[in-house]
Number of protein chains: 2
Amino acid sequence: MSATSQTLRDEIENGIVTGEFPPGERLDEVQLATRYGVSRTPVREALMQLGAIGLVEMRPRRGAVVAEHGPERVFEMFEVMAELEAMAGGLAARRHGDNDKAAILAALEQCQNAAEKNDTDQYYYENEIFHRAIYTASHSGFLEEQCVSLHRRLRPYRRLQLRVRNRMKVSLAEHCEIVDAITAGDAQKARLLLRHHIAVQGDRFGDLLATLRP
Amino acid sequence: MSATSQTLRDEIENGIVTGEFPPGERLDEVQLATRYGVSRTPVREALMQLGAIGLVEMRPRRGAVVAEHGPERVFEMFEVMAELEAMAGGLAARRHGDNDKAAILAALEQCQNAAEKNDTDQYYYENEIFHRAIYTASHSGFLEEQCVSLHRRLRPYRRLQLRVRNRMKVSLAEHCEIVDAITAGDAQKARLLLRHHIAVQGDRFGDLLATLRP
DNA sequence: GTCAACGAATTTGTATACAAGAACATTGAA
DNA sequence: TTCAATGTTCTTGTATACAAATTCGTTGAC
């Protein structure tokens, strides 16, 4: 694995999570190779890695396609994400230090700024930083890795989520409550709030389905 | 990815989780290639995949080594595993059908048989089947995948766990309680029991440390 | 007109060749 | 004796070549 292979992996992964390569799209080896100006070998190695983490589906002798999950599967992924986030929040409530608290509060403030400007893209970006700050505050490196990884994997399915009416305001209000619970050291409350914050339920299930049926 | 590459990936992964390739061991490409009678290309592809899921560490230009985690990291992995198992158990309590229940009871019985024969290896094997039955009963395909994957990853660190005094009997007793909670539909209780069943705590933390310091 | 079968062309999987960087040993000086 | 420098060797990373399989198009029969 050299810089090329690693870079390629990131490039393709980025293309997937940003929607440039939508779910179901075929990833042609020679096409990618010419596009990035390399041979097929590093492209294949990059695809193998993405296949191992579930971002692309490798069909033997039939090429790679961007992983395409059905609604139930995506729902299940959000379920697990909610649980991992809840765990991170609970640990953060008990373990966070001054630096962690400062990072979380700063991220919350940036979320507030974006919400006031009604800038959905900016909020989306700051939201990610906010959640990562909580992962870090959990002081569990492995949990942080798992959360970041799953978060990335869910990005293609969450991109449109925030565009639904009032979602940004509701999300921000929930963020405030979560921060209160964490800084107060209330692990149980932080868990419940985060699980609810992430979980796909009620109306949002319909929203999710809508994003999956283009 | 052909049969060779896929097989190779499984072979090496198996070698890692069975301890044939212990943590920290260098995985030489040509050595593996000659051993399995193939060229370096499929070996590299297999290693890439194992690197992507964290079983081996890929150091650029310096080869691959079996991932070697420090005690804290392993502890964190068990923490996450406990949470995922708890989640699976909770879902299983609410969602299990007749087939699921039968599979869990059958697995429990096999655990009992192994325990009566004092057969640690057999118990280790049946224990895995028991836990997988719970994953399946959660009726969340994604959660099941995550649990199986993390379970495999922890195998090298759990192999010796069951050998400590009385661990098998305690484990079996916990299994019985867990089954009671699941079949009774008591999700909350199943969660608590499973979290405790998996979590590394008290004396077992010392046991874990012991297995990590050879 | 539809479907099946056969053949060409594209594409994947593996091996090999080559280039570049890292590990290692040998030699020399302090 | 120890340490540093340099050259050799070994290993990794990438490209290319070739083999095998799948896909697609064409042709033919019903």
Side-chain angles (χ1 to χ4, degrees), chain A residues 1-17 20-69 149 153, chain B residues 1-17 19-70 149 153:
Chain A
M1 169 164 39
S2 85
T4 301
S5 187
Q6 183 70 12
T7 302
L8 257 170
R9 181 194 177 286
D10 291 343
E11 287 281 340
I12 299 173
E13 176 171 345
N14 211 44
I16 292 174
V17 301
E20 186 183 356
F21 302 132
E25 174 136 324
R26 193 150 176 301
L27 295 169
D28 188 77
E29 293 178 2
V30 297
Q31 199 171 314
L32 290 168
T34 56
R35 166 168 179 168
Y36 294 110
V38 296
S39 81
R40 277 176 54 224
T41 307
V43 171
R44 280 182 61 82
E45 293 184 347
L47 289 178
M48 290 283 171
Q49 295 179 62
L50 295 175
I53 62 175
L55 258 175
V56 311
E57 187 188 350
M58 304 293 291
R59 303 168 304 176
R61 288 270 177 205
R62 300 187 55 221
V65 297
V66 178
E68 189 172 26
H69 303 297
S149 169
R153 234 173 122 176
Chain B
M1 170 164 40
S2 86
T4 300
S5 186
Q6 184 69 13
T7 303
L8 219 54
R9 179 194 178 286
D10 292 342
E11 287 281 342
I12 300 174
E13 176 170 346
N14 211 45
I16 293 174
V17 300
E20 187 184 356
F21 303 132
E25 175 136 323
R26 192 150 178 299
L27 296 169
D28 189 77
E29 293 178 2
V30 297
Q31 199 173 313
L32 290 169
T34 55
R35 166 170 179 166
Y36 294 110
V38 295
S39 80
R40 278 176 52 221
T41 308
V43 172
R44 280 181 62 82
E45 293 184 346
L47 290 177
M48 290 282 172
Q49 294 179 62
L50 296 176
I53 62 176
L55 257 175
V56 310
E57 186 188 350
M58 305 292 292
R59 303 169 303 175
R61 289 266 176 210
R62 300 187 53 218
V65 296
V66 179
E68 189 172 25
H69 303 297
S149 169
R153 231 173 125 176

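- Residue order along DNA chain D, read from the 5' end via each residue's closest nucleotide, puts Asp28(B) first among Asp28(B) and Gly37(A).
- Without hydrogens or angle criteria, Arg59(A) side chain to Val65(A) main chain gives no donor-acceptor distance under 3.5 Å.
- Nucleic acid contact for Val38(B): sugar-phosphate only, since backbone atoms but no base atoms lie under 4.0 Å from a heavy atom of the residue.
- Residue Arg44(A) contributes atom CZ, which lies 16 Å from atom P of dT16(D) at whole-angstrom precision.
- For Arg59(B) and dA23(C), the CZ to P distance is 8 Å, given to the nearest whole Å.
- Picking from dA20(C), dG13(C), dT16(C) the nucleotide with the shortest atom distance to the side chain of Arg61(B) gives dA20(C).
- Residues Ser39(B) and Leu27(A) both approach DNA chain C. Their nearest nucleotides, taken by heavy-atom distance, put Leu27(A) toward the 5′ side.
- dT11(C) atom P lies 12 Å from atom CG of Leu32(A), rounded to whole Å.
- Distance, Arg26(B) CZ to dT11(D) P: 7 Å, rounded to whole Å.
- Other residues, nucleotides and ligands contribute more than 12 heavy atoms inside 6.0 Å of the CD atom of Glu20(A).
- One atom, CZ of Arg62(A), and another, P of dT12(C), lie 11 Å apart when rounded to the nearest Å.
- The only option from Thr7(B), Val66(B), Leu47(B) that meets the side-chain contact (heavy atoms from CB on, under 4.5 Å) definition with Ile12(B) turns out to be Leu47(B).
- Distance Glu29(A) CD to dA17(D) P: 17 Å, rounded to the nearest Å.
- Remark: P of dT12(D) and CE of Met48(B) are 11 Å apart, rounded to the nearest angstrom.
- Rounded to whole Å, atom C1' of dT11(C) lies 13 Å from atom CE of Met58(A).
- In this structure Glu13(B) satisfies the salt bridge (charged side-chain N to carboxylate O under 4.0 Å, His left out) test together with Arg9(B), Arg152(B), sequence neighbours excluded.
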